[in-house]
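Quick notes on the structure that follows.
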Amino acid sequence: MKKQDDTVEQSKREYFAGRLVEWFRAHQRDLPWRRTKDPYKIWVSEIMLQQTRVETVIPYYERFMERFPTLEALAEAPEEDVLKLWEGLGYYSRARNLQAAVREVQSDYGGVVPDEPKDIAALKGVGPYTAGAILSIAYGKPEPAVDGNVMRVLSRFFLLRDDIAKPATRKHMERLLRTVIPQEAAGDFNQALMELGATICTPRSPHCLVCPVMEHCAGRLAGEEETLPLKTKAKPPRDERRLAALIRGRGEQAGRILIRRRPDTGLLAQMWELPHVLAPADLQPAVGDANASAAGWALCAALEEEGLPELAPSGIVTQADHIFSHIHWHMEVYLCSMAVIEGAALPDSYRWVTPDELEQLALPKIFHKLLSCQAFRSVLEPN
DNA sequence: AATGCGGGGTA
DNA sequence: TACCCAGCATT
């Protein structure tokens, strides 16, 4: 046992685990994935819950289980279907990794989710937290599952002033937890830690008066429950002005618009979008029609560089902002006309679609926002 | 160890 | 606004 863990007395660790498990069994929320021990369903729920709130996940989880009720069903599904069901949930590589890993379980483990730490941790998209969560909740194995909630709870209860943004801090907490996890109630204990963090030991204004372990909470006894955990600040997102093109079809493409699919890797991988480019750095901020025209021409020129036929802008349609964790997009949509449509060759990623066809494709939130605005819809009206 | 990767809820 | 959410992969 590591020396630093000895500073936490054994009796206090037993108190902590016992009270938490007892509290969880009496007060846990009734969540869809708590009504099963199916490792596949636990797995799906844990992937969806990564960096995502319970309330957000619930409807996605229900739809997903309806469409893919078994590991085999997910393994056999088209990748596009999985991405479409994930639409709006974010971090889309989770969906692709999940299906890749499920297919691996189907082929290498006969469709049975492995119960060995090294096997399950080797699956795509399954890191230290998710491996511990599946092993403890579905299989009852005494493995730690340290997420943001757990680090906050442990920081406060054991008065740990480590920076939780550092990977080393998570490892420290995993070592501590291995001395705390009750062997016969590992799943309930891990879920109790997270449940406490989500409902009582909240980031701000924790509800200490109803906390089951308040009496011996070192953070509260030190008056530091509001300032823990310590965490270095994240950098603000960088600003990007982006120019998008709304291009309407004519003739055989009448009633369709031109969209494209994003690359296989990176931001919003494999999702569909309006063609757009990063605004040239020397382009003046959009104020009034004159600058809008300059932006429109810059957009058309950039898209022609990418292999589209001759384009000309005819005005700005709408604009919207979207903030990712690391980028702030200011998106402006310009109506553009394409000189040649019939028989024109397009780059592979581009495609003409009707509004109905668009409904079937996975679209990021920002493009849903743009396409549903009134100005955009009025441009699409047949006339 | 640092960065890329969505979208939304909350005080 | 600022923070942060049942994190992981890549470099």
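First the proteins, then the strands, lettered A, B, ... as listed; each starts at 1.
Base contact: A/Leu89 has a heavy atom under 4.0 Å from a base atom.
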Going through the distances and angles, do A/Tyr129 and A/Gln50 end up as a side chain to side chain donor-acceptor pair (under 3.5 Å)? CA-CA 9 Å; A/Tyr129 163 76; A/Gln50 289 169 7; over 6 Å; no
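Taking the nucleotide of DNA chain B with the nearest heavy atom to each of A/Ser205 and A/Ser93, the more 5' of the two is matched to A/Ser93. Mapping A/Pro167 and A/Leu363 onto DNA chain B via the closest heavy atom, the residue that lands nearer the 5' end is A/Pro167.
Here B/dG7 presents its P atom at 14 Å from CG of A/Asp321, a figure rounded to the nearest Å. Nucleotide B/dC5 holds its P atom 14 Å from the CE atom of A/Met271, rounded to whole Å. Atom CG in A/Asp163 sits roughly 15 Å away from atom C1' in C/dC3 (whole-Å rounding). Following rounding to the nearest Å, A/Arg94 (CZ) and B/dG7 (P) show an atom-to-atom distance of 10 Å. Rounded to whole Å, the distance from CD on A/Glu87 to P on B/dG6 is 14 Å. One can place CG of A/Leu230 at 15 Å from C1' of C/dC3, the figure rounded to the nearest angstrom. Across the protein-nucleic acid pair, A/Phe324 atom CZ and B/dG7 atom P stand 6 Å apart, rounded to whole Å. The CE-P distance, from A/Met151 to C/dC3, rounds to 17 Å in whole Å.
Comparing the same atom, P, in C/dC8 and in B/dG8 gives a spacing of 22 Å after rounding to whole Å. Using atom C1' as the reference point in both B/dC5 and C/dC4, the two lie 15 Å apart (nearest Å). Between C/dC3 and B/dG6, the distance separating the two C1' atoms is 16 Å to the nearest Å. A gap of 22 Å separates the C1' atoms of C/dT10 and B/dG7, to the nearest Å.
Using cut-offs of 30° and 60° on the angle between ring planes, the pair A/Phe324 and A/His326 is tilted. Using cut-offs of 30° and 60° for the angle between ring planes, the A/Phe157 and A/Tyr15 rings count as parallel.
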What string of B, S and - do you get for nucleotides 4-11 of chain C, 5' to 3', when a contact is any protein heavy atom under 4.0 Å? SBBBSS--
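Contact check on A/Glu273 versus A/Arg242 returns no salt bridge, with no Lys/Arg side-chain nitrogen under 4.0 Å from an Asp/Glu carboxylate oxygen.
The closest side-chain heavy-atom distance from A/Pro117 to A/Glu143 is below 4.5 Å. Proximity of A/Phe367 to A/Met331: side-chain heavy atoms (C-beta onward) are separated by under 4.5 Å at one or more points.
Between A/Lys235 and the phosphate of B/dT3, there is a side-chain N or O to OP1/OP2 separation shorter than 4.0 Å. Side-chain N/O atoms of A/His326 include none lying less than 4.0 angstrom from OP1 or OP2 on B/dT3.
Note on A/Val333 and A/Ile323: separate hydrophobic clusters, where clusters join Ile, Leu, Val, Met, Phe, Trp and Tyr whose side-chain heavy atoms are under 4.5 Å apart, directly or indirectly.
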